[in-house]
Amino acid sequence: MNRRNFLKFNALSLASLGIAYANPMQSHHMHHSVNHTNLNTSFINFAPKNLKLLDPNIFPQGEMLKALPLLQNESKKRNFFRAKIDIEESEMELIKGKKTKFYTYNGSIPAPKIEVFEEDVVEIIVKNKLKEPTTIHWHGVLVPPEQDGNPHDPILAGEERLYRFTIPKDSAGTYWYHPHPHFISSKQVSMGLAGAFVVRAKKDALSHLKEKDLMISDLRLDENAQISNNHLVDWLNGREGEFVLINGQFKPKITLSTKERIRIYNATAARYLNLRIQGAKFILVGTDGGLIEKPLFKDELFLSPASRAEFLISVPEGGEFKLESLYYDRDKMMVKEEPSTLFLADISIKKENIELPKALKQFKPLEEPKEFKEVIMSEDHTQMHGLMKKGEEDLKKALASMFLLNNKIYDLKRIDLSSKVGVVEDWIIINKSHMDHPFHIHGTQFELISSKLNGKIKKAEFRALRDTINVRPNEELRLRMKQDFKGLRMYHCHILEHEDLGMMGNLEVEDNGND
Ligand code: C2O
Ligand code: CU
Ligand code: CU
């Protein structure tokens with residue numbers, strides 16, 4: 001039995017016992033001395049034993065979907081967006097008679113949506129009213145590194161900062177924003193911090209259509225309707241909150257027309273979505289970084305954590321439908337799942353005539369790469385051996401050195417790779433671990449060129465801009481990209497627990513001396 005299966009099956013009894021791993025009586029001997037300079041495990045918290053979850057029946061459900069609230073532009077100037085975001089603890093009464101403590105952007109769950117245009121100047125004043133550091137990372141938006149909420153630039157508790165950037169031309173797309181502080185991004189997202197960020201083109205092939213956002217997040221609530229800490233299994237696989245919400249609502253009713261442009265966001269820490277509407281088809285029109293070349297009909301829409309898409313819906317006839325997520329086996333550790341379909345929402349679809357343009361966007365001819373990079377994703381299970389006998393401290397240490405990129409855990413101060421401004425590169429991302437990991441890089445939108453699995457090379461089906469892409473076990477992806485700004489960027493697994501545990505690297509982008 002390989003190590004993987006050992007972990008997966010011998011430890012099953014542990015998983016089924018719930019959270020019986022935290023036995024303080026056994027937390028003594030340390031087997032290995034760990035010499036990672038950055039090892040800090042104080043941020044790893046475990047949920048109390050025998051956690052009881054909230055009864056799903058008391059969570060309000062079946063209500064009409066509300067649009068996301070908008071972040072108010074306080075500027076009257078043209079091409080200028082100015083707003084305030086306060087980050088604070090808020091008590092929200094989601095469940096009647098029970099107040100849930102969230103972290104919020106401007107006191108709102110779901111967070112306000114930011115909507116700007118290409119070439120806008122954006123100024124956002126952020127006040128951190130939490131008791132811990134945070135940052136705002138504008139995931140996927142092409143902003144300079146010093147404005148991108150890097151973990152190196154925390155907004156400390158009680159402090160305030162201005163983020164200022166100009167939205168580049170031709171960067172219309174479906175983005176999002178979330179915290180990116182060192183070690184505690186997953187916690188802050190699980191507490192409620194994540195918002196939609198749309199960059200509009202003044203005109204594109206679909207700008208005449210009405211739009212709808214479907215922001216998917218998930219939430220874990222204990223029986224008192226409080227957001228609880230992670231289990232060990234959450235740290236291993238990424239946390240999947242039991243309540244999957246759309247625009248903050250549980251199992252809402254959505255009404256749609258076949259003439260609507262829908263933007264969907266996977267804003268969960270770790271939940272894989274494989275969406276289906278039985279009896280209908282998705283017409284994929286865009287990915288993370290904007291429109292694709294031409295519309296593509298799909299029965300299923302796969303969205304790994306942090307990915308976004310734009311689509312329309314096609315039905316032979318209008319009527320009542322269900323939005324569901326089909327089971328996706330991402331080979332989690334220590335859990336054995338029964339494949340099951342997850343119901344997300346009732347959808348009533350109105351059929352209207354629409355003539356979709358044959359071409360959505362013209363892509364420039366693909367440039368040839370001048371440089372190559374390799375990123376290997378792996379997992380070190382050695383310290384997890386004897387898991388059942390381990391105490392909390394040993395477990396934390398094992399976790400904090402388990403998820404690796406190019407054999408290392410993240411160090412804020414170490415430069416792992418370097419690139420030059422404007423130089424086209426191919427990045428080869430190789431997953432040598434036993435689990436799926438979504439790869440994300442800051443500061444650019446890349447194109448998938450090809451993928452390789454079990455010796456078979458597959459060219460990308462279509463051209464598309466993305467900033468996050470799933471990598472399956474043993475899979476190898478070739479991504480083409482370039483960086484436009486000098487400075488420090490991160491690349492990491494976007495299962496947020498893995499990111500916090502150190503599955504991340506620093507990319508230094510240097511001036512290109514040639515021009
Ligand atoms: Cu959305 Cu560095 O991440
Ligand atoms: Cu990002
Ligand atoms: Cu991962």
Side-chain angles (χ1 to χ4, degrees), residues 51-69 90-105 107-113 189-196 212-228 234 239-257 260 262-280 282 300-301 303 305 311 313 315 318-328 337-350:
L51 178 78
K52 283 210 188 68
L53 297 174
L54 186 87
D55 174 2
N57 293 316
I58 67 170
F59 203 115
Q61 47 202 280
E63 291 165 6
M64 292 303 290
L65 186 81
K66 295 191 198 89
L68 295 171
S90 307
E91 305 235 293
M92 319 279 290
E93 196 174 319
L94 244 60
I95 315 297
K96 240 190 144 193
K98 295 185 194 237
K99 294 225 160 95
T100 304
K101 190 177 99 187
F102 282 95
Y103 289 177
T104 60
Y105 292 131
S108 160
I109 295 285
K113 172 190 174 188
V189 171
S190 77
M191 290 295 291
L193 295 178
K212 197 161 261 149
D213 295 289
L214 303 178
M215 178 86 177
I216 303 194
S217 62
D218 61 19
L219 184 65
R220 173 171 301 146
L221 292 180
D222 66 16
E223 56 184 338
N224 300 313
Q226 298 310 310
I227 300 171
S228 69
D234 297 325
R239 163 180 175 131
E240 294 179 6
E242 287 72 16
F243 292 98
V244 183
L245 309 179
I246 307 184
N247 297 356
Q249 294 173 265
F250 186 45
K251 300 182 178 173
K253 285 198 164 57
I254 305 175
T255 56
L256 281 179
S257 136
E260 265 177 290
I262 298 149
R263 297 180 191 264
I264 191 158
Y265 310 73
N266 185 342
T268 68
R271 186 179 286 278
Y272 280 63
L273 298 169
N274 193 16
L275 302 170
R276 173 185 71 175
I277 302 173
Q278 215 163 27
F282 298 101
E300 286 161 23
L301 186 62
L303 281 184
F311 62 86
I313 286 175
V315 283
E320 304 302 315
F321 298 83
K322 283 180 175 18
L323 175 63
E324 296 172 315
S325 182
L326 298 175
Y327 181 70
Y328 177 75
E337 293 176 310
E338 281 306 319
S340 64
T341 298
L342 177 73
F343 170 76
L344 293 173
D346 284 307
I347 306 194
S348 111
I349 303 175
K350 181 164 153 224

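Sequential numbering from 1 along the given sequence is applied to the chain's residues.
Here the rule is side chain to side chain contact (heavy atoms under 4.5 Å, CB included) with Leu344, and of Ile277, Val244, Ile254 only Val244 fits it.
The CD atom of Gln226 sits 10.5 Å away from atom CD1 of Ile95, with the distance rounded to the nearest 0.5 Å. A distance of 9.5 Å separates CG in Asn266 from CE in Met215, rounded to the nearest 0.5 Å. Atoms CG and CD, from Leu323 and Gln278 in turn, are 12.0 Å apart once rounded to the nearest 0.5 Å. Rounding to the nearest 0.5 angstrom, the gap separating the CD1 atom in Ile246 from the CG atom in Asp213 is 12.0 Å. Tyr265 contributes atom OH, which lies 9.0 Å from atom CG of Leu214 (distance to the nearest 0.5 angstrom). The NZ atom of Lys101 lies 8.0 Å from the CD atom of Glu91; values are rounded to the nearest 0.5 Å.
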Run the side chain to side chain contact (heavy atoms under 4.5 Å, CB included) test on Ile313 and Phe321 for me, step by step, so that the C-alpha distance in whole Å, both residues' side-chain angles and the decisive distance to 0.1 Å come before the verdict.
CA-CA 11 Å; Ile313 286 175; Phe321 298 83; over 6 Å; no

Is there a side chain to side chain contact (heavy atoms under 4.5 Å, CB included) between Leu342 and Arg271 once you walk through the steps?
CA-CA 11 Å; Leu342 177 73; Arg271 186 179 286 278; 3.9 Å; yes

Apply the test side chain to side chain contact (heavy atoms under 4.5 Å, CB included) to residues Arg220 and Leu53: give CA-CA distance (whole Å), side-chain angles for both, the deciding distance (0.1 Å), then the verdict.
CA-CA 8 Å; Arg220 173 171 301 146; Leu53 297 174; 3.8 Å; yes

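Side-chain contact check for Ile349 versus Ser257: every heavy-atom pair is 4.5 Å or farther apart. Residues Lys322 and Asp346 have side chains in contact (heavy-atom distance under 4.5 Å, counting atoms from C-beta outward). Side-chain contact check for Glu240 versus Thr268: every heavy-atom pair is 4.5 Å or farther apart. Proximity of Ile216 to Leu245: side-chain heavy atoms (C-beta onward) are nowhere separated by under 4.5 Å. Looking only at side-chain heavy atoms (C-beta outward), Tyr105 and Leu193 come within less than 4.5 Å of each other. With a 4.5 Å cut-off on side-chain heavy atoms, Leu94 and Phe102 count as touching.
Judged purely by atom type and a 3.5 angstrom limit, Lys212 uses its side chain to pair as donor or acceptor with the backbone of Thr255. No side-chain donor-acceptor contact under 3.5 Å links Asp234 to the backbone of Arg239. With hydrogens and angles ignored, the 3.5 Å screen pairs a side-chain donor or acceptor of Gln61 with a backbone N or O of Phe59. Between the side chain of Lys96 and the backbone N or O of Ile58, no donor-acceptor pair lies under 3.5 Å. With Gln249 contributing its side chain and Met64 its backbone, the two residues share a donor-acceptor pair below 3.5 Å. For Asn247 (side chain) and Lys66 (main-chain N/O), a donor-acceptor pair under 3.5 Å exists by modelled atom type. Between the side chain of Ser325 and the main chain of Asn274, a donor-acceptor pair closer than 3.5 Å is present. Looking at Glu260, its side chain never comes within 3.5 Å of a backbone N or O of Phe311 through a donor-acceptor pair.
Between Ile109 and Gly192, the closest heavy-atom pair is CD1-O, 3.8 Å. The shortest heavy-atom contact between Ala269 and Pro305 is O-CB, 3.9 Å. Nearest heavy-atom pair across Ser190 and Leu219 is O-CD1, 4.3 Å. Closest approach of Ile264 to Leu301, counting heavy atoms only: CG2-CD2, 4.2 Å. The minimum heavy-atom distance between Ser108 and Pro69, with the atom names listed, is OG-CG, 3.6 Å. Closest approach of Ser90 and Thr104 over heavy atoms only: OG-OG1, 2.7 Å.
Within a 6.0 Å radius of NZ in Lys98, more than 12 heavy atoms belonging to other residues, nucleotides or ligands are found.
Using a cutoff of 4.0 Å between basic side-chain nitrogens and carboxylate oxygens, Glu300 and Arg276 are not scored as salt-bridged. Ion pairing between Asp222 and Lys52 fails under the 4.0 Å rule for side-chain N and carboxylate O.
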